[in-house]
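So the structure is just underneath, and the comments pick up after that.
Lettering of chains follows the sequences in order, A, B, ..., and the numbering in each one begins at 1. The figures that follow rest on heavy atoms only: side chains count, while hydrogens, waters and symmetry mates do not.
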Amino acid sequence: MDEILHTDLAPGECRELLAAMSQPLLQWYDRSARVLPWRERPTPYRVWVSEIMLQQTRVAAVLPYFERFVTALPDEQALADAPQDQLLKLWEGLGYYNRVKNMQKCAREVVACHGGRLPGDYCALLKLPGIGAYTAGAIASIAFGQRFPAVDGNVLRVMARLISCDSDILQPRVKKAFGELVLSAMPHHRPGDFNQAMMELGATICLPNTLPLCPSCPLGDICRGRALQTHHHLPHKAPKKAKRNEQWTVVVARWQGRILLQRRPESGLLGGMYQYLCLPGHLGAEECQQQLAAQGFCVHTLRPLGAAKHIFTHIVWQMEGYLADLSAPPQEPLYTLEEIEEQLSVPSAFAHYTRQLPTLPLPL
DNA sequence: AAAACGGGGGC
DNA sequence: GCCCCAGTTTT
């Protein structure tokens, strides 16, 4: 383990530290746990939905989505039966849309193979789409009271600082080793609360970058990172690679007040979501009009809508926009403003253009 | 093991 | 405006 989790803590000191943490941590959690909707009634379904939403996403961002989602789709069966457009609309703005598609795959599998209810068995959970080691551990421990670790970024940060470990937490083997460490520290009672307490500590006290609030930390007295003052630059992560740039011309094509939208391919970036007409490269008005004509559109007037930039994890989109009023109906489907707002999911990458929809100038 | 996959918040 | 955050699947 020492080879993977680099710490200057002696094995005996490390065991001692791990044995000493659960009691103050759980006491602190009992005092300080935030009141959150999925904690009120932690059914397996609600825990699952919340855990998937919370992947890569902060609590504050999830809050407006959770109640709406579980009200619209109250159980596994309802989720399995939902149309994809409704799913994407419920998820619009949360990002990582494969999460909700996998959730539906998972719901269908649960309906087919587990009697319509999420299984309580960790290994069975792990086999389901969209459920990896973290989510399986979270559901098994929080909803079913079983003793499994749920190692997210918060837990990695807390543990790395607690034992003053500078191993690269992005490495799979390091995550695995921290999972084993967490399990060794986990009490046999309240495993779900123990996991949630670790994450809560990372989210509210043991903060990234900005100074951790060590004076308020229930583990402050036993924290090796704090004692050594190494916690400021922990956890360690390997540097990330550069994003690639993409240039697009975004055309809001309009005919008789309705807007042309195209559905993106089912798989890949923003799969299945709707977008305005997109042409590769930054096109001048002249060139844009030419390409639209070549694609069979009868453009009456073309007006600039300004530039926009959107940054994904791995790509930067630089966009130039145009409003194209057509003089004849296009082949592809048109949508009213109301349909776009109420039913269709348009990625927030296009927010600069979507925002202008209600105030667009009338056709000349 | 590395890349694909969004969007929001802090400074 | 730039930097940081981070589970699961696919390659």
Notebook entry, point to check: Hey, are Glu51(A) and Tyr134(A) close enough side-chain-wise for a donor-acceptor pair under 3.5 Å?
Noted result: yes
Note to self: Distance check needed: dG8(B) P versus Phe312(A) CZ, whole Å only.
What the structure shows: 12 Å
Notebook entry, point to check: Start at the 5' end of DNA chain B and walk down; is the nucleotide closest to Pro172(A) or to Tyr65(A) reached first?
Noted result: Pro172(A)
Next item on the list: Check whether the side chains of Ser164(A) and Thr7(A) place a donor and an acceptor atom closer than 3.5 Å, and report yes or no.
Entry: no
Next item on the list: Using heavy atoms and a sub-4.0 Å distance, could you list which residues of residues 92-108 of chain A are near DNA chain C? By number, please.
Entry: Tyr96(A), Asn102(A)
Check: Checking all strands, does Leu270(A) fall into the base, sugar-phosphate, or nothing category for heavy-atom contacts under 4.0 angstrom?
Finding: sugar-phosphate
Checklist line | P spacing across the pair dC3(C) / dG6(B), given as an integer number of angstrom | finding: 22 Å
Check: Got a sec, which residues hit ring-ring contact (aromatic ring centres under 6.0 Å, His included) with Phe69(A), two or more places apart in sequence or on another chain?
Finding: Trp91(A)
Note to self: Hydrogens and angles aside, do Tyr96(A) and Thr313(A) bring a side-chain donor and acceptor to less than 3.5 Å of each other?
What the structure shows: yes
Check: Any donor-acceptor pair under 3.5 Å between the side chain of Thr313(A) and the base of dG6(B)?
Finding: yes
Notebook entry, point to check: How far does the P atom of dT9(C) sit from the matching atom of dG8(B), given to the nearest Å?
Noted result: 24 Å
Next item on the list: For Leu88(A) and dC5(B), give me the distance from atom CG to atom P, rounded to whole Å.
Entry: 15 Å
Margin query: Strictly below 4.0 Å: does His314(A) bring a side-chain N or O up to OP1 or OP2 of dA3(B)?
Written below: no
Next item on the list: Go through DNA chain C in 5' to 3' direction and return only the first and the last nucleotide with some atom under 4.0 Å of chain A's heavy atoms.
Entry: dC2(C) to dT9(C)
Note to self: For a quick check of understanding: with a heavy-atom distance under 4.0 Å over all strands, which category does Ala60(A) fall into, base, sugar-phosphate or nothing?
What the structure shows: nothing
Check: Phe312(A): what forms a ring-ring contact (aromatic ring centres under 6.0 Å, His included) with it, not counting sequence neighbours?
Finding: His310(A), Trp317(A)
Item checked: Polar contact flag, side-chain donor to acceptor under 3.5 angstrom, Asn245(A)-Gln318(A) -> yes
Check: Would you say the side-chain atoms of Asp166(A) and His6(A) include a donor-acceptor pair closer than 3.5 Å?
Finding: yes
Notebook entry, point to check: Are His310(A) and dG7(B) close enough that a side-chain N or O sits under 4.0 Å from OP1 or OP2?
Noted result: yes
Next item on the list: Tell me what Leu170(A) touches on the nucleic acid: a base, only sugar-phosphate, or nothing, going by heavy atoms under 4.0 Å.
Entry: nothing
Next item on the list: Would you classify Asn154(A) as touching base, sugar-phosphate or nothing, given that sugar-phosphate means primed atoms plus P, OP1 and OP2, and contacts are heavy atoms under 4.0 Å?
Entry: sugar-phosphate
Notebook entry, point to check: In Å and rounded to the nearest 0.5 Å, what is the OH to OG1 distance from Tyr276(A) to Thr249(A)?
Noted result: 15.5 Å
Check: When rounded to the nearest 0.5 angstrom, what distance separates CD in Glu320(A) from CH2 in Trp248(A)?
Finding: 14.5 Å
Next item on the list: Would you sort out whether Arg39(A) and Glu200(A) count as a salt bridge (charged side-chain N to carboxylate O under 4.0 Å, His left out), showing the intermediate values?
Entry: CA-CA 12 Å; Arg39(A) 287 179 178 166; Glu200(A) 190 84 354; 2.8 Å; yes
Next item on the list: Starting at atom CD of Glu246(A), determine the distance to atom C1' of dA4(B), rounded to an integer number of angstrom.
Entry: 13 Å
Checklist line | Interatomic distance at C1', dG9(B) relative to dT8(C), whole Å | finding: 23 Å
Just list the side-chain donor-acceptor pairs under 3.5 Å for residues 118-133 of chain A, sequence neighbours left out, or say none.
| unit_1 | atom_1 | unit_2 | atom_2 | d |
| --- | --- | --- | --- | --- |
| Asp121(A) | OD2 | Ala124(A) | N | 3.0 |

Note to self: Reading DNA chain B from 5' onward, which residue's closest nucleotide shows up sooner: Pro347(A) or Gln171(A)?
What the structure shows: Gln171(A)
Check: Hey, are the side chains of Met159(A) and Met21(A) touching, using non-hydrogen atoms and a 4.5 Å cut-off?
Finding: yes
Check: Expressed as a whole number of Å, how far does the C1' atom of dG7(C) sit from that of dG10(B)?
Finding: 22 Å
Next item on the list: Please work out the stems of DNA chain B from pairs that are Watson-Crick or G-U wobble with both distances under 3.5 Å, keeping only runs of three or more consecutive pairs.
Entry: B:1-5 with C:7-11, B:7-11 with C:1-5
Margin query: Return whichever of Lys237(A) or Lys309(A) has its heavy-atom-nearest nucleotide of DNA chain C closer to the 5' end.
Written below: Lys309(A)
Note to self: Regarding Thr135(A), tell me which of base, sugar-phosphate or nothing describes its non-hydrogen contacts under 4.0 Å with the strands shown.
What the structure shows: sugar-phosphate
Check: What's the NZ-C1' distance between Lys243(A) and dA2(B), to the nearest Å?
Finding: 16 Å
Check: For Lys240(A) and dA4(B), what is the distance between atoms NZ and C1' respectively, to the nearest whole Å?
Finding: 18 Å
Checklist line | Test item: side-chain donor near acceptor, Gln84(A) and Glu266(A), under 3.5 Å | finding: yes
Margin query: What's Arg173(A) touching, base or sugar-phosphate or nothing? Going by heavy atoms closer than 4.0 Å.
Written below: nothing
Check: With rounding to whole Å, what would you report as the distance between dC5(B) and dC4(C) at their P atoms?
Finding: 23 Å
